[in-house]
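Single-structure report; data block below.
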Amino acid sequence: MSTRILIAEDETFIGILYKKHFESQGATVKLVGNGKQAFQAMESEQFDLLLLDLIMPIMDGYEVLKQLKEKKATIPVIVLSNLSLDIDKAECQKLGALDYIVKADNDAPDVWAKLQKYLKK
Amino acid sequence: MKLRGRINAPVLFILTLCALFFYLLLSAQRFLVQSLAINEQRHNLLIILHELHEEQVSRMVLANTNHDRSPLADSSRIEDDRIQTATQLMTLLDAKNAAFLSTYDSESQKMFVAGQAIESALGERDIHQLMSAWLAREHDVRQALSAMDRLGEAQTVGLIPTGTVLASAVRTVFSQGNLSGVRALLSTPDGSISLVWVFFLAFILVSFIFLYITSYYSRRLSVIAGVANEIAAGRADRRIADLPAGPIGDLGSGVNALAAALQRYTSKYQEDLYKEVEQKTAALKFDRRRMTEIIEGSTDGIAAIDRDFTFMAFNRVYEHEFRKMYGRKLAVGMHLLDDALIEHPDEVQVVKDLWSRALRGEEFIVSKEVDNENSGHHYFEVAYNPIRDEHGEVIGASQIMRDITERKMVEEDLRHAKERIEEEAQNARKFQLAVESSTDAIAITTADTVLIYVNPAWEQLTGYSRDEVIGKKASILKTDLTNPKLFDEIRSAIKTGKQFHTEDLVNRRKDGTAFSAELTLYPIIKDSVVQLFVGILHDISQRKNVERAQTEFVSLASHQLRTPLTAIRLAIGALSRGEAGSVDTEGQDTLKRGMEYAVHMAETIHTMLNISRLEAGKLNVQATDVNLAALITETSFDYKIECERRHQTLTTTCPPDLVLQTDAPLLKEIIANLLGNAIKYTPDSGAISIDAFVHDDKVNILVKDSGYGIPQQQKDKIFTKFFRADNVLQKETSGTGLGLYLVRSLAFKLGGSVSFTSEENAGTTFTIALPLAQTPSHPTV
């Protein structure tokens with residue numbers, strides 16, 4: 001069974017480019033535009049990993065992390081954001097994110113390579 | 001003539017008799033008077049004895065005083081003692097006198113009785129008898145006289161012839177040698193013996209007997225009177241010898257008894273007197289010895305003179321000082337003016353005036369300054385006092401000379417010290433004024449951070465008044481908005497007495513409002529112990545707000561720049577990988593170049609963001625245990641794709657168990673920058689390596705490449721902001737000139753250093769040296 005990845009990214013163009021590359025690598029990808037949609041998706045489907053943007057309308061990435069933590073969800077979450085302050089990274093780590101990737105510093109293959117660490121199991 | 005001769009002879013005889021009789025009476029009376037005189041002289045003797053006693057006491061005292069002269073003996077205290085002693089003595093003597101008097105009274109009573117006995121014996125038995133006998137005789141004599149007168153008158157006419165007869169009869173007797181002449185003489189012309197003659201002869205007989213008796217008594221009495229007088233004169237051992245029985249003998253033995261009693265009491269009295277004098281003298285001697293010890297032991301020079309300016313006494317110190325001053329050795333009895341000061345005539349008048357004042361009864365103190373080669377410069381305080389005897393009469397004067405040079409010097413030193421302190425105080429006031437008027441908030445605390453001073457600027461900044469905070473801990477300004485780690489650093493600095501600086505403090509004012517504070521602590525260390533801390537506090541809220549806004553702006557700006565850049569980068573990538581349509585070979589080259597610019601822009605944004613945070617002080621070192629091998633692997637992982645693309649080899653070596661305490665993201669940033677540079681400035685197919693090891697307690701991380709190298713002449717500029725080497729500029733490589741600046745800044749931040757070796761077109765090796773463990777605090781100035 002292929003890897004199922006949920007991408008929460010409000011910039012659709014960027015999301016689609018990740019989706020295309022991950023799918024080219026054999027993954028099953030679902031793309032949502034905000035946190036609320038991400039929860040809806042997770043309620044109906046199972047995912048192996050959540051790639052989460054921080055700044056999103058309706059429900060941002062922090063809120064998603066908070067609620068996941070409250071629900072004691074086990075899904076691995078990788079934050080993918082263009083924010084790069086230490087406090088942002090620290091906050092995400094505190095809320096249970098496994099990694100933090102700065103979007104602009106990484107091409108899609110770089111991101112895919114980093115995700116592998118959390119998908120091996 | 002003849003008649004007168006006849007009559008005068010009996011009259012003269014009677015008169016002689018009368019005179020003798022009166023003499024007898026007078027002698028008896030004189031004895032009584034003398035008895036009374038003895039009594040009186042006894043009293044005199046007593047007074048003499050008393051005087052003698054006093055004289056002896058004073059003589060002995062004087063003898064003692066002379067023997068052991070001391071000025072203090074003349075001091076008022078000793079006078080008091082003496083008066084007291086004399087008074088006690090007098091009291092004792094009075095008691096003795098009283099006892100003696102009573103004894104004497106009884107003796108004199110006895111004598112008076114004896115006298116009365118004599119009087120009665122003599123007067124009643126003899127004198128009165130004699131008197132009455134004499135008076136009776138007188139009557140007879142008077143009668144006889146009157147009879148003779150009458151006879152004479154009657155025979156006046158016949159007297160001449162009778163005389164003639166008498167004369168012739170005498171003549172006859174003397175010429176003829178027969179008694180008929182005498183008979184003729186004694187017979188009247190008528191032949192009978194005349195009655196007048198009988199009376200006359202009888203009277204002569206009686207008179208002779210009487211004369212004998214009176215002369216006997218008179219002689220005896222005069223002997224007794226003589227001896228009594230001698231006894232009265234003080235010779236109590238005199239006695240009357242050859243005492244006859246009878247009233248005269250009684251009188252004599254009475255006098256003898258009186259003399260014996262007197263002698264007895266006198267000797268006993270003298271004995272007591274001497275004993276007492278001896279005791280008093282011993283006590284005085286003890287006092288004197290003690291006084292002498294005190295005087296000799298004194299560090300003051302003490303001397304006494306009498307009214308004639310002759311030295312009576314002085315102690316060793318005085319002698320020593322005098323010799324130093326006047327070069328003369330003193331001796332008791334030396335005259336102060338004529339002898340002791342003989343070589344200093346110019347001083348005589350001054351010295352004399354001073355002593356004279358004391359001799360006039362004045363008590364005073366003068367200062368004396370002496371400066372000569374013998375004694376050097378000395379100051380004395382000299383006290384003059386009169387010496388009085390027990391009656392308050394000034395008999396001399398004393399001088400107490402105290403060397404106060406040392407005291408003067410101490411006073412002088414004190415004065416200098418005071419001036420210095422005053423000067424210091426003025427300086428201190430200047431400093432205080434400077435601190436007071438400073439616009440920087442300045443506080444001074446004890447080593448335990450208890451506030452002991454705050455300046456007005458501090459009061460203004462914190463809202464606390466000086467009186468409110470003095471004695472309180474500086475931590476009254478503390479808030480929990482400050483990173484707790486900073487407090488640990490401050491405590492450590494205080495404990496170790498190190499200078500400390502921070503700009504990350506958040507303090508609270510009295511009204512509760514918080515402010516960002518910059519604090520600089522300066523320890524004031526004396527004898528290796530922190531005495532005080534001076535704290536300078538600045539409100540940097542405004543600056544912090546600007547910085548915060550700046551950081552937020554940079555953060556927001558970088559985010560806004562990155563979002564489109566991400567899209568561009570992903571689009572180029574997708575195109576080049578054929579995920580978004582196909583591109584021909586020429587198009588692929590263009591995409592590759594476009595990707596390079598996109599990557600450069602991403603790096604620039606990343607580096608600028610880091611530098612912005614570094615310069616804003618937002619990069620806080622948070623040390624944790626870091627496994628270096630894992631960190632290197634993780635970092636190189638990010639560059640694996642790029643290396644592969646350039647056909648470069650990337651090798652890493654690191655002991656797998658090498659753990660150091662450092663800030664992992666910052667170290668990663670350093671390695672990433674150096675690795676990025678190595679890849680960028682090494683041609684395709686080059687070799688790149690990262691080697692880590694521990695050397696001299698330092699972790700060494702070597703990032704080595706076989707690239708273009710750094711030109712020799714530009715080696716000292718490579719860590720400068722925005723610097724890019726000439727050779728790499730020609731190679732069409734992209735770069736911001738910020739990477740190495742950031743690397744060096746971060747290496748310093750982690751307590752380490754960065755160095756490099758390079759050879760152009762052969763390669764470069766950067767070496768990062770880091771401590772194994774982060775020190776808890778290091779200045780960030």
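In what follows, chains carry the letters A, B, and so on, assigned in the order in which the sequence lines appear, proteins first and then strands, with residues in each chain numbered from 1.
Among the residues in residues 7-19 of chain A, those with a non-hydrogen atom closer than 4.5 angstrom to a non-hydrogen atom of chain B are E11(A), F13(A), I14(A), L17(A), Y18(A). Residues of residues 21-50 of chain A lying under 4.5 angstrom from chain B, judged on non-hydrogen atoms, are H21(A), S24(A) by number. Applying a 4.5 Å heavy-atom cutoff, the residues of residues 94-113 of chain A that approach chain B are V102(A), K103(A), A104(A), D105(A), N106(A), D107(A), A108(A), P109(A), D110(A), A113(A).
Between R646(B) and E642(B) a salt bridge is recorded (basic side-chain N to carboxylate O distance below 4.0 Å).
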Chi angles and distances behind the side-chain contact (heavy atoms from CB on, under 4.5 Å) call for N677(B), N673(B): CA-CA 6 Å; N677(B) 277 352; N673(B) 262 281; 5.6 Å; no

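Taking all atoms of both residues into account, the shortest heavy-atom contact from M59(A) to V64(A) is SD-CG2, 3.8 Å. The shortest non-hydrogen separation linking A514(B) to V506(B) is CB-CG1, 3.9 Å. Listed here is the closest heavy atom pair of A629(B) and N627(B): N-OD1, 3.1 Å. Between D53(A) and S81(A) the shortest heavy-atom distance is OD1-CA, 3.9 Å. Here the closest heavy-atom approach between residue L51(A) and residue L115(A) is recorded as CD1-CD2, 3.6 Å. Summarising the geometry of V626(B) relative to A664(B), their closest heavy-atom pair is CG2-CB, 3.9 Å, with the distance given to 0.1 Å.
Heavy atoms closer than 4.5 Å to chain A are found nowhere in A598(B), neither backbone nor side chain. For L570(B), the parts lying under 4.5 angstrom from a heavy atom of chain A are both the backbone and the side chain. Heavy-atom distances place both the backbone and the side chain of A567(B) under 4.5 Å from chain A. Neither the backbone nor the side chain of M601(B) comes within less than 4.5 Å of any heavy atom in chain A.
A donor-acceptor contact shorter than 3.5 Å is absent between the side chain of Q648(B) and the backbone of I688(B). Remark: the backbone N or O of T633(B) is paired with a side-chain donor or acceptor of S636(B) at under 3.5 angstrom. Panel note: side chain E669(B), backbone L746(B); no donor-acceptor pair is recorded below 3.5 Å.
The stretch residues 558-570 of chain B participates, sequence neighbours left out, in these side chain to side chain donor-acceptor pair (under 3.5 Å) pairs: N82(A)-T566(B), S84(A)-R562(B).
The most heavy-atom pairs under 4.5 Å with chain A, out of L565(B), I641(B), N610(B), L556(B), come from I641(B).
Counting non-hydrogen atoms of other residues, nucleotides and ligands closer than 6.0 Å to CE of M608(B) gives a total of 12 or fewer. Open room surrounds CZ on F553(B); 12 or fewer heavy atoms of other groups in view lie less than 6.0 Å from it.
Test L750(B), T624(B), D625(B), L770(B) against Q661(B) for side-chain contact (heavy atoms from CB on, under 4.5 Å) and you get one pass: D625(B).
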